[in-house]
K.L.:
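Once you've had a glance at the structure underneath, I'll fire off some questions.
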Number of protein chains: 2
Amino acid sequence: MEEKFRLDNQLCFRLYTASRLITQAYHPLLGEYGLTYPQYLVLMVLWEKDAQPVNDIAKRLLLETNTVTPLLKRMEAEGILTRTKGEKDARQMIVKLTKKGRELQNKLTDVPEAVGSAVLCESVTPETVPGLFKMLDDIINQLKDNNKTTD
Amino acid sequence: MEEKFRLDNQLCFRLYTASRLITQAYHPLLGEYGLTYPQYLVLMVLWEKDAQPVNDIAKRLLLETNTVTPLLKRMEAEGILTRTKGEKDARQMIVKLTKKGRELQNKLTDVPEAVGSAVLCESVTPETVPGLFKMLDDIINQLKDNNKTTD
DNA sequence: GTTAATTATATCGTTCACGATGCAAATATA
DNA sequence: TATATTTGCATCGTGAACGATATAATTAAC
C-alpha cells in the first residue's frame, strides 16, 4: 500500500544516493592531497577563472555564501588560495589560487578519467551521457527558479 | 584549456546539485512537520516495514549506522519512533514507529505529488523517468560494489 | 568452555549545507 | 548630502555524512 511513498519510486532518493556514492568514489583520489569534494569543486571554478569574489564562486556552484566562506577559509589555511579584500569594492573578498592551488591541477590530472570510468555501466555510456546531462540540467534549472519564487 | 576539469562536463556536480535542489524543494513541505529529508527517508523505510533493526534501515538507505543512529535518536526525541533492545539479539536496536510516526503518513500524503510535479520539465516526463531511474540505479549499483572493493 | 573473531550499535571529530542573523560598504532615494 | 535600502560577506546553530574508534553481545575456533 501507499505506492507513492515507496523508496523505489523516488527520484530524489536516487539522486541523493548517486551523489553520495560518486562523492565517495572521489574521496580516496582527492584525500591523497587533503581535499574534499566541495573543495575540488571550488578548485575547478578557480582553474576556469582565477581571482573571483566569494559571491561568484557561490553562484557558480549554486551554493550560499555561508557554505562557501568557511570552505574557502579552510582552503586558505591549507595554502591553496588567498582571500584579499577587493580594491574597487571593499565588501568583496577576492579569492585567488596560490602556486600550490594551481599545481594541484597537474597532480589531479587523472581524477576525472578515473571517476568517469568508475561510473560507466550498461545504461551510462558516452552515447547516453548527453541525454542524462540534459535531464539533470533541466531538473536543476527548473528547481533553481522554483525554489526562489515558491518560498 | 583542461576541458576535463570544466564544471559543465561533470556528472557528479550535476547529481550533487540536483540532489541538493530537490531536497530544498522538500524542505518547506516537510518542515511543516519538523522533519528533514533524511528523516523522511527513514519514515518511508519504516512505513514499508515497521520494527526494523538499525542495520536494516541503514542498509536500505545505503548509509552507515554512524549516520543513522543520531538521526534516529533525534526522531525518538521528537516522539516519532521508539528504539528498544532486540529480544533475541541484545546487540540490535529495534526501531518502531509510534502512533505519531504512523500518522505522519496521512499528513504527508500530498508531498510525493507536489515534489513530483515540481520536477517535471521538458526532458523529464512520465515517459522518460523510467529511463532516468534505470541510469541512476545502474550508477548506484556500480558504485555500491566498487566503493567497497576498491578502498 | 575459553579464547578469538565477528557483528550491531554508539561515540567522536571534521566538513559540509543551510536558515537566521549581523555588519559594514555601496547604492538609491529623498 | 543625509537617510534608507541593498549588497557582500561573516557568524552562529542545527542536522546530516562519514572516517576512525570504542564497546558489548554473539558466534566461531580451538
Side-chain angles (χ1 to χ4, degrees), chain A residues 12-13 16-28 30-32 34-42 52-59 61-78 80 83-95 147-148 151, chain B residues 12-13 16-28 30-32 34-42 52-59 61-78 80 83-95 147-148 151:
Chain A
C12 186
F13 176 57
Y16 160 81
T17 303
S19 169
R20 281 179 33 246
L21 293 182
I22 298 200
T23 302
Q24 284 177 30
Y26 274 101
H27 192 261
L30 300 177
E32 200 169 334
L35 293 171
T36 65
Y37 181 70
Q39 291 175 7
Y40 176 63
L41 290 180
V42 168
Q52 296 192 54
V54 174
N55 214 0
D56 288 15
I57 298 172
K59 282 221 172 72
L61 299 177
L62 302 182
L63 290 168
E64 303 297 320
T65 62
N66 57 0
T67 297
V68 174
T69 292
L71 211 156
L72 292 172
K73 285 181 145 187
R74 283 186 284 270
M75 294 176 79
E76 185 183 34
E78 296 294 328
I80 296 169
R83 303 180 321 122
T84 49
K85 265 209 170 128
E87 296 189 350
K88 18 171 244 189
D89 190 334
R91 291 171 303 180
Q92 291 187 331
M93 282 297 259
I94 307 296
V95 180
N147 288 350
K148 266 180 198 144
D151 45 54
Chain B
C12 186
F13 176 58
Y16 161 80
T17 303
S19 169
R20 280 179 34 245
L21 293 182
I22 299 199
T23 302
Q24 283 177 30
Y26 274 102
H27 192 262
L30 300 178
E32 200 170 333
L35 292 172
T36 64
Y37 181 70
Q39 290 174 10
Y40 176 63
L41 290 180
V42 168
Q52 295 192 55
V54 174
N55 214 0
D56 288 15
I57 297 171
K59 282 222 171 74
L61 299 176
L62 300 181
L63 290 168
E64 302 296 321
T65 62
N66 57 358
T67 298
V68 174
T69 292
L71 212 156
L72 292 173
K73 284 181 144 185
R74 284 187 284 269
M75 295 177 79
E76 184 183 36
E78 296 293 329
I80 295 168
R83 304 181 320 122
T84 49
K85 267 212 170 122
E87 296 189 350
K88 14 171 247 188
D89 190 333
R91 291 171 303 180
Q92 291 187 331
M93 282 297 258
I94 306 297
V95 181
N147 286 350
K148 267 180 199 146
D151 44 55

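Small disclaimer: the values here were computed from a predicted structure and weren't measured. Residue numbers start from 1 in every chain, and the chains themselves are labelled A, B, ... in the order their sequence lines are given, proteins ahead of strands.
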K.L.:
Is any side-chain heavy atom of B/Leu35 closer than 4.5 Å to a side-chain heavy atom of B/Ile80?
P.N.:
yes
K.L.:
Indicate the atoms forming the closest heavy-atom contact of B/Ile94 with B/Gly86, along with that distance.
P.N.:
CG1-CA, 3.8 Å
K.L.:
Nearest whole angstrom, please: distance from the P of C/dA25 to the NZ of A/Lys85.
P.N.:
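Rounded to the whole Å, the gap is 7 Å.
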K.L.:
On a heavy-atom basis, which atom in A/Ala25 and which in A/Pro28 lie closest, and how many Å separate them?
P.N.:
O-CD, 3.5 Å
K.L.:
Under 4.5 Å between any side-chain heavy atoms of A/Gln92 and A/Asn55, yes or no?
P.N.:
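Side-chain contact under 4.5 Å: no.
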K.L.:
Looking only at non-hydrogen atoms, find the nearest pair between A/Leu61 and B/Arg20 and report the distance.
P.N.:
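Closest approach of A/Leu61 to B/Arg20: O-NH1, 3.6 Å.
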K.L.:
Looking only at heavy atoms, which two atoms of A/Phe13 and B/Tyr37 are closest? And how far apart?
P.N.:
N-OH, 3.2 Å
K.L.:
Looking only at non-hydrogen atoms, find the nearest pair between B/Tyr16 and A/Ser19 and report the distance.
P.N.:
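Shortest heavy-atom separation between B/Tyr16 and A/Ser19 comes out as CA-OG, 3.3 Å.
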K.L.:
Show me the dot-bracket string of DNA chain D, counting Watson-Crick or G-U pairs under 3.5 Å, with | for pairs to another strand and [ ] for crossing ones.
P.N.:
||||||||||||||||||||||||||||||
K.L.:
Which pairs with one or both residues in residues 85-95 of chain A pass salt bridge (Lys or Arg N to Asp or Glu O under 4.0 Å), sequence neighbours excluded?
P.N.:
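Residue pairs with at least one partner in residues 85-95 of chain A: A/Asp89-A/Arg91.
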K.L.:
In whole Å, what is the span from the CD atom of B/Gln52 to the C1' atom of C/dA8?
P.N.:
15 Å
K.L.:
Rounding to a whole Å, what distance do you find between A/Met75:CE and C/dT15:C1'?
P.N.:
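So the two atoms are 13 Å apart, to the nearest Å.
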K.L.:
Any chance you could list the contact pattern along nucleotides 9-21 of chain D? Use B for base contacts, S for sugar-phosphate-only contacts and - for none, protein heavy atoms under 4.0 Å, 5' to 3'.
P.N.:
BSB---SSBBBB-
K.L.:
Check the distance between C/dC18's C1' and A/Leu61's CG and give it to me in whole angstrom.
P.N.:
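Value for this atom pair: 15 Å.
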